[in-house]
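Below: one structure, written as structure tokens.
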Amino acid sequence: MTRAHRRHGARAGAATAAALLAATLVGCSILPGTAPGSPAPQGTDQEDDMSPTTVRSAVAESDPRVVDVPTVMVNPSGFASVMTIAVALSGDEPVSTDTVVRIAVAALENATTEVDQLTLIARPASDDSRILDLTQAAAGLPDAVQYRFIKDSLQLTTTDPAVIGGAR
């Protein structure tokens with residue numbers, strides 16, 4: 001191949017590359033939502049990790065003692081997804097196992113993402129500076145339910161609603 005052929009070949013290759021690049025850029029700019037100033041393309045709405053409103057409503061309706069559900073959130077903890085629920089409860093009597101089960105099952109059945117652990121914090125509706133003791137309620141959970149206490153909260157590491165609501 002002569003020097004002239006190499007120069008012509010290099011020019012042809014450069015021209016081809018420039019044409020491909022220009023076509024790519026032009027093609028991208030005419031796609032919906034990609035031109036400067038055009039609105040973003042509309043996709044289908046997807047729920048976040050969970051719908052706090054749905055979980056909050058379900059928990060609020062789960063037990064007659066639930067007066068308010070001020071906190072519903074899901075956060076990562078290592079490889080686990082932890083849902084935290086804080087409830088305000090009416091009455092002076094200790095929190096029952098039935099109340100804990102109803103709250104946990106309602107929250108887990110209405111979560112829109114997989115939850116690996118559920119943390120429950122209960123406060124009296126009359127004094128939100130206090131945290132209610134859930135030790136007695138946890139003691140009545142089915143044997144298959146694994147749990148632990150972290151500070152003043154009850155954390156269920158078993159998150160299958162059928163197991164939590166199972167025979168006690």
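Reckoned from all heavy atoms, side chains included, excluding hydrogens, waters and symmetry mates.
- With hydrogens and angles left out, the side-chain atoms of S96 and D98 include no donor and acceptor closer than 3.5 Å.
- Between the side chain of R65 and the backbone N or O of S90, at least one donor-acceptor pair lies under 3.5 Å.
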| request: Report the C-alpha distance between L156 and V145 in whole Å, list the side-chain angles of each, state the deciding distance to 0.1 Å, and finish with yes or no for side-chain contact (heavy atoms from CB on, under 4.5 Å). | output: CA-CA 7 Å; L156 303 178; V145 176; 4.0 Å; yes
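- Note that OG of S81 and CG of N75 are 8.0 Å apart. Values are rounded to the nearest 0.5 Å.
- Listed for the T97 side chain is a donor-acceptor partner under 3.5 Å among the backbone atoms of A137.
- A donor-acceptor contact under 3.5 angstrom links the side chains of D63 and T99, judged on distance only.
- In this structure, A111 and M83 approach most closely via the heavy-atom pair CB-CE, 3.5 Å.
- For the residue pair Q146/T158, the side-chain donor-acceptor check at 3.5 Å is not satisfied.
- With V59 as reference, V69 is the one residue of T54, N110, V69 to meet the side-chain contact (heavy atoms from CB on, under 4.5 Å) rule.
- Crowding of D92 atom CG: a count of heavy atoms from other residues, nucleotides or ligands under 6.0 Å not exceeding 12.
- Atom-to-atom distance recorded for R56:CZ and E61:CD is 13.0 Å, nearest 0.5 angstrom.
- Here the OG1-CD distance, from T84 to Q117, works out to 9.5 Å after rounding to the nearest 0.5 Å.
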| task | Give the C-alpha distance, both sets of side-chain angles, the deciding distance and a yes or no for side-chain contact (heavy atoms from CB on, under 4.5 Å) between L120 and V87. | result | CA-CA 8 Å; L120 179 60; V87 295; 4.3 Å; yes
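- Between the OH atom in Y147 and the CG atom in L141 there is a gap of 6.5 Å [rounded to 0.5 Å].
- Residue L134 holds its CG atom at 8.5 Å from CD1 of I103, rounded to the nearest 0.5 Å.
- The structure places CG of L118 at 10.5 Å from OG1 of T157, a figure rounded to the nearest 0.5 Å.
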| request: Take L89 and V95 through the test side-chain contact (heavy atoms from CB on, under 4.5 Å) and record every step on the way to the result. | output: CA-CA 8 Å; L89 301 177; V95 180; 3.7 Å; yes
| request: Kindly indicate, with the supporting measurements, whether the criterion side-chain contact (heavy atoms from CB on, under 4.5 Å) is fulfilled by T159 and D116. | output: CA-CA 6 Å; T159 57; D116 301 306; 5.6 Å; no
